[in-house]
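Structure, as structure tokens:
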Amino acid sequence: MFDDLTMPPADKILSLIPIFRQDSRPNKIDLGVGVYRDASGTTPIPRAVREAEKRIHTAQTTKAYVGPAGDPVFCDLIGRLVFGAAAPWERIRGIQTPGGAGALTVLAGLICLARPGAAVHVPDPTWVNHVSILEDNGLRIVTYPYLDNRTGEVDFDALLDHFSRSKRGDIVLLHGCCHNPTGADPSRSQWQALAEIIAERGLVPLVDIAYQGFGDGLEDDAFVVRLLAGMVPEMLVSASCSKNFGIYRERTGAAFILAADADRADATKAQLTVRARIVYSMPPDHGAAIVRTVLEDPALSADWRAELDGMRSNILSLRQGLAASFRRFTNGSDYDFLAKNKGMFSLIGLTPGEAVMLRERHAIYIVEDGRINVAGLQASQIDTFAEAVLAVRGISGSAPV
């Protein structure tokens with residue numbers, strides 16, 4: 001049965017993990033895998049999460065199934081974090097999933113069931129797993145232009161033109177905030193213009209919000225989800241708790257749908273739950289229990305929000321420092337976009353060959369498409385990284401002043 005199987009292509013991100021671990025050079029830098037790191041290089045467990053786990057360990061009396069739709073209280077709390085208090089709640093339903101990827105998977109299955117043959121429009125570039133998940137569910141992919149490589153910002157005119165010609169009923173994948181891998185987000189006025197075209201053309205938005213709180217803050221980062229929820233009859237949302245709660249390995253997320261009315265919302269949630277039952281049967285409980293415990297307790301919630309703001313401020317400081325370092329070395333503004341981008345990731349403009357040179361010559365690990373995890377950098381490494389990038393690009397600059 002297995003004779004004709006061949007090795008699949010290596011995952012461009014995850015394949016870096018074992019190579020980095022085996023690298024014995026003392027000053028190696030990992031900017032590939034998308035995890036937040038503090039000033040010591042550690043991916044921290046937030047204080048509120050630690051306290052929540054203690055409480056769960058003490059109070060939990062069973063490990064029985066939670067059901068394929070997961071914890072309804074968790075879903076309600078995350079839904080309100082994403083959609084806000086003013087959302088049309090009578091039309092919104094959600095289920096708990098194994099992380100954001102689990103949410104995307106069951107939503108992709110729902111699209112296949114509800115609208116077979118529809119195209120899903122995804123930005124070019126996008127998170128590599130978006131395409132894998134959608135195609136694995138039999139969906140047809142259409143890419144739309146997203147990044148202006150000259151400026152490092154959104155190519156909004158090209159994006160708007162593509163959406164204005166899209167077919168009614170097609171699905172459009174949007175990054176809710178902190179676009180992965182570019183870090184380039186539309187402005188509020190651009191989101192407004194895009195939302196108007198989506199509503200006018202009868203497109204169905206699929207919003208992936210995996211980094212809420214890492215861009216402009218918890219409320220501001222949910223802007224486009226809340227905007228669209230007030231403008232379109234139907235939408236789908238994938239939410240992840242991995243980054244903002246620091247519970248990557250707990251695989252905690254939620255899939256939400258917005259339907260035209262309450263009856264359609266109930267039927268759609270039921271079908272979404274069937275998809276979950278088929279794909280993974282039941283979601284894991286521990287991460288959702290952590291999030292629920294934090295958000296239900298005002299003191300824990302306030303502490304979590306404060307620590308999340310500190311993480312966001314650290315990422316912003318690293319971005320500003322990185323842009324300033326490149327400016328000092330090059331006496332130019334080519335890398336100023338790094339300070340304007342948001343969230344963990346940006347594209348640094350290296351070719352796959354240059355990314356390999358960066359790894360082999362300088363012990364700096366980035367994804368071969370040039371994506372860097374800014375949140376994996378330490379302040380003391382900024383100048384080292386900037387010099388190495390310029391070196392592999394063959395650009396000589398003056399020493400910083």
Side-chain angles (χ1 to χ4, degrees), residues 34-36 46 48 75 77-87 92 94 99-100 103-104 123 126-127 130 146 153-154 156 172-195 198 205-232 235-248 252-256 258 291 294-295 301-320 337-346 373-375:
V35 296
Y36 173 86
C75 293
L77 291 167
I78 290 298
R80 295 185 185 279
L81 198 69
V82 173
F83 286 93
I92 295 172
L104 288 164
T126 192
W127 180 47
H130 280 149
Y146 188 81
E153 298 179 19
V154 176
F156 191 68
V172 292
L173 174 66
L174 305 169
H175 294 230
C177 64
C178 307
H179 183 276
N180 178 6
T182 71
D185 288 349
S187 66
R188 285 202 169 196
S189 61
Q190 289 174 334
W191 274 132
Q192 180 70 46
L194 185 56
I198 288 173
L206 166 57
V207 184
D208 184 6
I209 183 163
Y211 307 97
Q212 187 179 0
F214 272 29
D216 294 318
L218 280 170
E219 297 300 309
D220 288 342
D221 286 349
F223 174 76
V224 68
V225 174
R226 299 175 184 184
L227 174 68
L228 287 165
M231 295 179 65
V232 299
M235 69 183 296
L236 309 100
V237 176
S238 164
S240 170
C241 301
S242 294
K243 307 300 191 294
N244 51 15
F245 282 88
I247 52 174
Y248 303 85
T252 307
F256 295 97
L258 169 75
V291 172
V294 170
L295 293 180
S301 181
D303 187 51
W304 166 69
R305 290 169 184 267
E307 194 162 358
L308 179 59
D309 278 342
M311 294 163 71
R312 178 176 58 84
S313 296
N314 182 48
I315 294 172
L316 178 59
S317 176
L318 289 169
R319 285 192 169 281
Q320 292 171 339
F337 67 89
L338 291 166
K340 299 176 184 178
N341 290 170
K342 297 175 183 178
M344 297 173 63
F345 306 113
S346 281
N373 173 24
V374 179

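Atoms considered below: every heavy atom in the structure, side chains included; atoms not considered: hydrogens, waters and symmetry mates. These figures come from a predicted structure and were not determined experimentally.
- Looking only at distances, no side-chain donor or acceptor of Tyr36 sits under 3.5 Å from a matching main-chain atom of Met344.
- Side-chain contact check for Val237 versus Leu228: every heavy-atom pair is 4.5 Å or farther apart.
- Shown here for Trp127 and Leu104, the closest heavy-atom pair between the two residues is CZ3-CD1, 3.8 Å.
- Within the 4.5 Å cutoff, the side chain of Leu174 has heavy atoms near those of the Leu194 side chain.
- The shortest heavy-atom contact between Pro186 and Val154 is N-CG2, 3.8 Å.
- Summarising the geometry, atom CZ belonging to Phe256 is positioned 12.0 Å from atom CG belonging to Leu236; distances are rounded to the nearest 0.5 Å.
- Using cut-offs of 30° and 60° for the angle between ring planes, the Tyr146 and His179 rings count as parallel.
- Evaluation of the salt bridge (Lys or Arg N to Asp or Glu O under 4.0 Å) rule for Lys342 yields Asp216 as partners, not counting sequence neighbours.
- Scanning both residues, Asn373 and Gly34, for their nearest heavy atoms gives ND2-CA, 4.0 Å.
- A donor-acceptor pair is defined here as one N or O able to donate and one able to accept, closer than 3.5 Å; no such pair exists between the side chain of Asp221 and the backbone of Gly176.
- Distance alone, capped at 3.5 Å, is enough to place a donor-acceptor pair between the Asp185 side chain and the Cys178 backbone.
- Considering CD of Glu153 and CG of Asn341, their distance stands at 7.5 Å, rounded to 0.5 Å.
- Closest approach of Ile78 to Cys241, counting heavy atoms only: CD1-SG, 3.7 Å.
- For the side chain to side chain donor-acceptor pair (under 3.5 Å) test, residues two or more places apart in sequence or in another chain that qualify with Ser189 are Ser187.
- Of all heavy-atom pairs spanning Ala375 and Leu318, the tightest one is CA-CD1, 4.5 Å.
- If you take NZ on Lys243 and CG on Asn180, they are separated by 7.5 Å, rounding to the nearest 0.5 Å.
- Proximity of a side-chain donor or acceptor of Asp309 to a complementary backbone N or O of Gly217 within less than 3.5 Å is not detected.
- To the nearest 0.5 Å, atoms CD (Gln212) and CG (Leu308) are separated by 9.0 Å.
- Taking the six-membered ring where the residue is Trp, Phe245 and Trp304 present parallel rings, their angle staying beneath 30° rather than reaching 60°.
- Distance check: Arg188 CZ to Leu227 CG gives 9.5 Å after rounding to the nearest 0.5 Å.
- A donor-acceptor pair under 3.5 Å links the side-chain atoms of Arg319 to the main chain of Gly343, judged by distance alone.
- Distance check: Ile198 CD1 to Trp191 CH2 gives 7.5 Å after rounding to the nearest 0.5 Å.
- Considering every non-hydrogen atom in both Met311 and Phe214, the closest pair reads CE-CZ, 3.6 Å.
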